[in-house]
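Here the structure comes first, spelled out in structure tokens, and everything after it is commentary.
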Amino acid sequence: MLLISCPHCGPRAEIEFAYGHEAHIARPTDQEKLTDAEWADYLFMRKNPKGVHYERWVHARGCRRWFNVARHTVTHEILAVYRMGDPPPALDR
Amino acid sequence: MVESYRRRSPLASFGLPARAAAQSPEAVADADLQLGERPHRCQINLRGNPQDGRFLEAVRNAAGLALPTEPNRVAAAGELKALWLGPDEWLILGPGGRETELVGTLARGLQGQHAGATDVSEARTWILVAGGRARALLARGIPLDLHPREFRPGHCAQTGLAGANIILQQTDDRPSYEIGVTNSFADHLWHWLERGAIDYRVAISV
């Protein structure tokens with residue numbers, strides 16, 4: 001069980017949250033120029049790091065707001081929680 | 001608007017008023033847990049930007065409430081309460097029957113603003129869990145720390161209990177808790193609470 005700090009509600013149990021997968025994937029704006037490979041990359045290809053993963057969570061059973069989390073995929077340590085729209089924090093791990 | 005005389009509470013099938021009337025005074029005095037339903041409340045979902053002074057003022061004028069901006073807090077004014085549900089969302093609670101008038105007053109006051117007031121009184125009922133064993137019973141299903149150093153009267157939270165999404169608020173130090181639960185989950189949650197309280201001396205409170 002992870003203890004996740006919702007930016008609004010503070011630390012809450014993982015069962016109150018839903019996972020939203022990798023963060024910072026921007027929809028391409030020049031869509032008519034994209035090749036099939038580039039579309040496929042945007043749609044399907046995701047990072048699967050052994051280390052820090054920047055991902056989205058929603059406090060589904062609490063305040064129902066989305067936010068970003070930097071989580072270490074080996075230790076499950078949550079290294080940072082930051083708002084939607086903020087750039088990923090620089091973490092030296 | 002639902003005509004009040006046709007309203008039937010989600011827990012009506014449990015016959016709680018009759019059970020409460022059949023209890024002996026000794027059993028009530030001896031109880032270490034009170035369970036009961038508090039149905040048919042005025043419930044209004046309010047959305048708006050708390051950084052906008054016009055929004056806060058409009059709510060203050062319409063309902064007499066200063067909305068809590070600190071997360072998971074309750075503000076009270078007279079017979080009305082405002083529960084923090086999100087950074088731009090509140091639940092206004094009041095006695096049943098006020099919802100139509102209040103949602104109209106709020107809507108008029110908020111006209112022209114990017115804000116909204118919605119009557120959700122029919123969405124959920126409220127269950128009372130009070131007394132010396134209340135904290136122990138809720139601890140069997142709620143992942144929150146309800147110790148008084150963390151959760152006190154005037155605090156509220158949204159969380160899960162027995163698979164149902166709930167709104168929890170503490171109303172006094174007995175301690176008394178009130179659980180807001182959608183009508184469709186109320187029957188299930190009442191069963192869970194009564195079964196969970198099987199070791200306690202329960203009194204039905206109406």
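We name chains A, B, ... by the order of the sequence lines, and we start the count at 1 in each one.
Counting non-hydrogen atoms of neighbouring residues, nucleotides and ligands closer than 6.0 angstrom, the CG atom of Asp30(A) exceeds 12 such neighbours. Within a 6.0 Å radius of CE in Met45(A), other residues, nucleotides and ligands contribute 12 heavy atoms or fewer. The neighbour count for His24(A) NE2, taken as heavy atoms of other residues, nucleotides or ligands under 6.0 Å away, is above 12. Shown here is Asn48(A), whose CG atom has no more than 12 heavy atoms of other residues, nucleotides or ligands within 6.0 Å.
Among Arg61(A), Glu16(A), Arg64(A), the one residue that satisfies the side-chain hydrogen bond (donor to acceptor under 3.5 Å, both in side chains) test with Asn165(B) is Arg61(A). Each of Asn72(B), Thr159(B), Leu144(B) was evaluated against Cys9(A); a single residue qualifies, Asn72(B), per the side chain to side chain contact (heavy atoms under 4.5 Å, CB included) test.
Of all heavy-atom pairs spanning Gly86(B) and Arg65(A), the tightest one is CA-NH1, 3.9 Å.
Going from atom CD of Gln158(B) over to atom CZ of Arg12(A) covers 8.0 Å, rounded to the nearest 0.5 Å. Between Leu85(B) atom CG and His8(A) atom NE2 the span is 12.5 Å, to the nearest 0.5 Å.
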